[in-house]
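Everything numeric in this text was worked out from a predicted model, so none of it was measured.
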Amino acid sequence: MKILSFLLIFAVGEVICWLVFKKMNRTLIPPGGPEPVIHPIAKGIMERITLYVGLVHGFPQIIIAFGAFKIATRLRDNEQEDDRVSNDYFLVGNLISLFFVMFYAIIYNFISTIIYT
């Protein structure tokens, strides 16, 4: 039953998260900019499930690892003038993802204490 609660919270949260990111894309990506593809969506879901599992199982250090991975993947040899938009998009997107994961964990822990204790 715990796994069902875990998965249900994640599934509902991901639908809401998808709607938030869809709105964010309209706001931060300039008209005529690249359309989101499935690869970043799948990557975001994998990141959030990893963080969610880590937080639910008592490993808050997963947030530090997440930050290190994200910074390492953003390092570049050359700076571009239009990089400010992508950096803002990157920062806002990661903060929203982290917020959703923490919210999932809070809801899961709340439900677990009510139902399973």
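By the side chain to side chain contact (heavy atoms under 4.5 Å, CB included) test, Ser5 is found to be paired with Tyr108, Ile111, Tyr116, residues two or more places apart in sequence or in another chain being considered. In this structure, the side chain to side chain contact (heavy atoms under 4.5 Å, CB included) partners of Phe59, at least two apart in sequence or on a different chain, are His57, Gln61. Take Glu47 and apply the side chain to side chain donor-acceptor pair (under 3.5 Å) test, not counting sequence neighbours, and it matches Lys70. Scored by the side chain to side chain contact (heavy atoms under 4.5 Å, CB included) test, Ile96 finds Val20, Phe21, Met24, Val92, Phe100 as partners (sequence neighbours excluded).
Within the structure, salt bridge (Lys or Arg N to Asp or Glu O under 4.0 Å) contacts touching residues 1-17 (residues at least two apart or in different chains) are Glu14-Arg48. Every pair tested for salt bridge (Lys or Arg N to Asp or Glu O under 4.0 Å) that includes a residue from residues 52-64 fails, sequence neighbours excluded, so the list is empty. Screening residues 98-111 for salt bridge (Lys or Arg N to Asp or Glu O under 4.0 Å), with sequence neighbours left out, gives no hits. Evaluation of the salt bridge (Lys or Arg N to Asp or Glu O under 4.0 Å) test over residues 98-117, restricted to residues two or more places apart or in two chains, returns none.
Counting all heavy atoms, side chain and backbone alike, Leu55 lies closest to Pro60 at CD2-CA, 3.9 Å.
Criterion: ILVMFWY side-chain heavy atoms under 4.5 Å apart, direct or through other members. Under it, Phe66 and Ile106 are not part of a common hydrophobic cluster. Val15 and Met46 end up in different hydrophobic clusters when Ile, Leu, Val, Met, Phe, Trp and Tyr side chains are linked at under 4.5 Å. At a threshold of 4.5 Å between side-chain heavy atoms, the hydrophobic network of Ile, Leu, Val, Met, Phe, Trp and Tyr places Leu98 and Ile64 in two separate groups.
Other members of the cluster containing Leu19 are Trp18, with ILVMFWY side chains joined at under 4.5 Å, either directly or via other members.
Rounded to the nearest 0.5 Å, atoms CD1 (Ile9) and OG (Ser112) are 7.0 Å apart. Taken from OG1 in Thr50 to CZ in Phe69, the straight-line distance is 9.5 Å, to the nearest 0.5 Å. Rounding to the nearest 0.5 Å places CE of Met102 at 11.0 Å from OG of Ser97.
Taking the six-membered ring where tryptophan is involved, the planes of Tyr52 and Phe6 are essentially parallel, since the angle between them stays under 30° and well short of 60°.
Of the possible polar contacts, one joining the Tyr104 side chain to the Gly13 backbone as a donor-acceptor pair under 3.5 Å is found.
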